[in-house]
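The structure under discussion appears below in the form of structure tokens.
The basis for the numbers below is simple: all heavy atoms, side chains too, and nothing from hydrogens, waters or symmetry mates. Just so you know, these numbers come straight off a predicted model, no measurement behind them. We name chains A, B, ... by the order of the sequence lines, and we start the count at 1 in each one.
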Amino acid sequence: RKEVEQDPGPFNVPEGATVAFNCTYSNSASQSFFWYRQDCRKEPKLLMSVYSSGNEDGRFTAQLNRASQYISLLIRDSKLSDSATYLCVVKVAGYSTLTFGKGTMLLVSP
Amino acid sequence: DAGVIQSPRHEVTEMGQEVTLRCKPISGHNSLFWYRQTMMRGLELLIYFNNNVPIDDSGMPEDRFSAKMPNASFSTLKIQPSEPRDSAVYFCASSLTRANSRANVLTFGAGSRLTVL
């Protein structure tokens, strides 16, 4: 079983749509969670951290469900510039390294 | 700050040749990571340094791969001899790791795209 699993997509949505991605993790000792964004042929960049109580940053909302061991990312009012791959990232307690999912590709069309 | 600097950005080489990838982390960061990204396997951690000391190299594929960090501002990843299956994008990332910190924000370099023919 992979440590961090994501639906690879692609998710094809029109501008203005709301889209949600889920990610599951296998290690119950996972302590910290993040979403990174990676544009085509570019490096990953931190989009947002995911807090236990859920958090929002503009059009982006992240949720954590520890009982079911999944994380979600909701994007409202999609823009063309949101087209990218979204990487789910997990940090296990006691470790300094991060484990990345393979990513979910989002394509926003006019 | 110029961010994490990697070189070369692109390298095409023939099987059997030695490849050296270079990384300059962000000044003040105490942790450095080498990742490899392929379509099939995604982002895989190869090795992690803290304060210039290798902490976890369990992701290094085999003896053909080696990494060094002689000082806080420079690291290399070497592949010798290279093979076609080593073709991938190699990312270097750095972070400021604090004891007992839950967060560990990585800043990635632009990557080195390696093609081994």
Using a heavy-atom cutoff of under 4.5 Å, enumerate the residues of [range] that contact chain A, numbered in order, or state 'none'.
range: residues 109-117 of chain B; result: G109(B), A110(B), R113(B)
range: residues 34-59 of chain B; result: Y35(B), Q37(B), M40(B), R41(B), G42(B), L43(B), L45(B), Y48(B)
range: residues 78-94 of chain B; result: F91(B)

Which pair of non-hydrogen atoms, one from [X] and one from [Y], has the smallest distance, and what is that distance?
X: T18(A); Y: D77(A); answer: OG1-N, 4.2 Å
X: S30(A); Y: V90(A); answer: OG-CG1, 3.1 Å
X: T85(A); Y: K102(A); answer: CG2-O, 4.3 Å
X: M69(B); Y: P25(B); answer: CE-CG, 4.2 Å

Main-chain N/O of V108(A) paired to S78(A) side chain as donor or acceptor, under 3.5 Å:
no

Can you confirm if the aromatic rings of Y86(A) and Y36(A) lie within a centre distance of less than 6.0 Å?
no

Passes salt bridge (Lys or Arg N to Asp or Glu O under 4.0 Å), R37(A) versus D39(A)? Steps please.
CA-CA 7 Å; R37(A) 170 195 168 127; D39(A) 292 305; 2.8 Å; yes

Using a cut-off of 6.0 Å, state whether more than 12 heavy atoms not belonging to E18(B) lie near its atom CD.
yes

Identify which one of I75(A), L74(A), L73(A), V50(A) satisfies the side chain to side chain contact (heavy atoms under 4.5 Å, CB included) criterion when paired with T61(A).
L74(A)

Only residue of Q63(A), R76(A), M48(A) satisfying side chain to side chain contact (heavy atoms under 4.5 Å, CB included) with E56(A) is R76(A)

Please evaluate residues R59(A) and D82(A) with respect to the criterion salt bridge (Lys or Arg N to Asp or Glu O under 4.0 Å), reporting the C-alpha separation (whole Å), side-chain torsions for both, the decisive distance (0.1 Å), and the verdict.
CA-CA 11 Å; R59(A) 299 181 293 108; D82(A) 293 335; 2.8 Å; yes

Under the side-chain contact (heavy atoms from CB on, under 4.5 Å) test, which residues partner A67(A), sequence neighbours left out?
N65(A)

Between L46(A) and chain B, which part of the residue has a heavy atom less than 4.5 Å away: side chain, backbone, both or neither?
side chain

To the nearest 0.5 Å, what is the distance between CG on L64(A) and OG on S52(A)?
5.0 Å

